[in-house]
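Comments concern the structure below.
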Amino acid sequence: SVFWVLFLSTTLRTFPHPPLGQISYDAFGQKIRVRSTGLASSETFYVDQLMLFRQKVYYEIDWLKSSCKKKPLDTAFIPMQVPFDAHATMQMFLGSSASWGMGVLVNSWSGVLPNNGYYTGVFTEIGCIPMTFFSYITFNWVLGNTNPMDFAPPSFCAKSKLEIKETVFLELSRSSVLKFC
């Protein structure tokens, strides 16, 4: 899938109240928008990040203050797919296979990360849509670009200057070469 919007929740045990969020993803335009909210140390947080890989710009958007931090983005866009070095571990149905449309056939993949880490991911058999990745569970999928403005910074970001002193690097898995399902 090229465009999608998903909602996510983390299963990390470090959060007594797991964060929830939304990811908007555009593979053709090489754009990702991540919005999440949660509770940490008795305080609510809200994060809105816009990554425009072709323009090499990262926005950290603060809606409460109507402000933006605009930083250089020094990372190549890597599509969300099954990593090239992943190993298929199993195939299963999420939901029910008793009746058509009541479940989804998925494949589970696993692999090794640097520093003795491991990952698992579950992707749909048809469309290769990530159902889980790392510690995130995804749900409420919407295929297609439902709101093109998700990939545009808000108007108050126009006056933001590029902060050269800090560059955003996204740490990726050991393999930057990916394969299709």
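Model, not experiment: these values are computed from the prediction. Side chains are part of it too, since the values below use all heavy atoms of this structure and drop only hydrogens, waters and symmetry mates.
- Looking at every heavy atom in both residues, D62 comes nearest to K65 through OD1-N, 3.2 Å.
- Between R35 and R33, the closest side-chain pair of non-hydrogen atoms falls below 4.5 Å.
- Here the shortest heavy-atom pairing between P72 and L162 reads N-CD1, 3.7 Å.
- How far CD of E125 is from CD of Q91: 5.0 Å, rounded to the nearest 0.5 Å.
- In terms of the side chain to side chain contact (heavy atoms under 4.5 Å, CB included) criterion, residue partners of S108 (sequence neighbours excluded) are, by chain and number, T89, M90, M92, V122.
- Residues passing the side-chain hydrogen bond (donor to acceptor under 3.5 Å, both in side chains) test with Q30, sequence neighbours excluded: none.
- In this structure, S24 and N147 have side chains that are not in contact, with every pair of non-hydrogen atoms separated by 4.5 Å or more.
- Between F77 and I32 there is a side-chain heavy-atom pair separated by less than 4.5 Å.
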Less than 3.5 Å apart, which donor and acceptor atoms pair up between the side chains of residues 50-57 and the rest of the protein, not counting sequence neighbours?
from, atom 1, to, atom 2, distance (Å)
R54, NH1, F28, O, 3.2
R54, NH2, F28, O, 2.6

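- Grouped by direct or indirect side-chain proximity (heavy atoms under 4.5 Å, Ile/Leu/Val/Met/Phe/Trp/Tyr only), F93 sits with L105.
- With sequence neighbours excluded, the residues forming a ring-ring contact (aromatic ring centres under 6.0 Å, His included) with F156 are W63, listed by chain and number.
- Taking K161 as the reference, nothing meets the side chain to side chain contact (heavy atoms under 4.5 Å, CB included) condition, with sequence neighbours excluded.
- No side-chain heavy atom of F123 sits less than 4.5 Å from a side-chain heavy atom of N107.
- In this structure, OH on Y46 lies 8.5 Å from CD1 on I61, to the nearest 0.5 angstrom.
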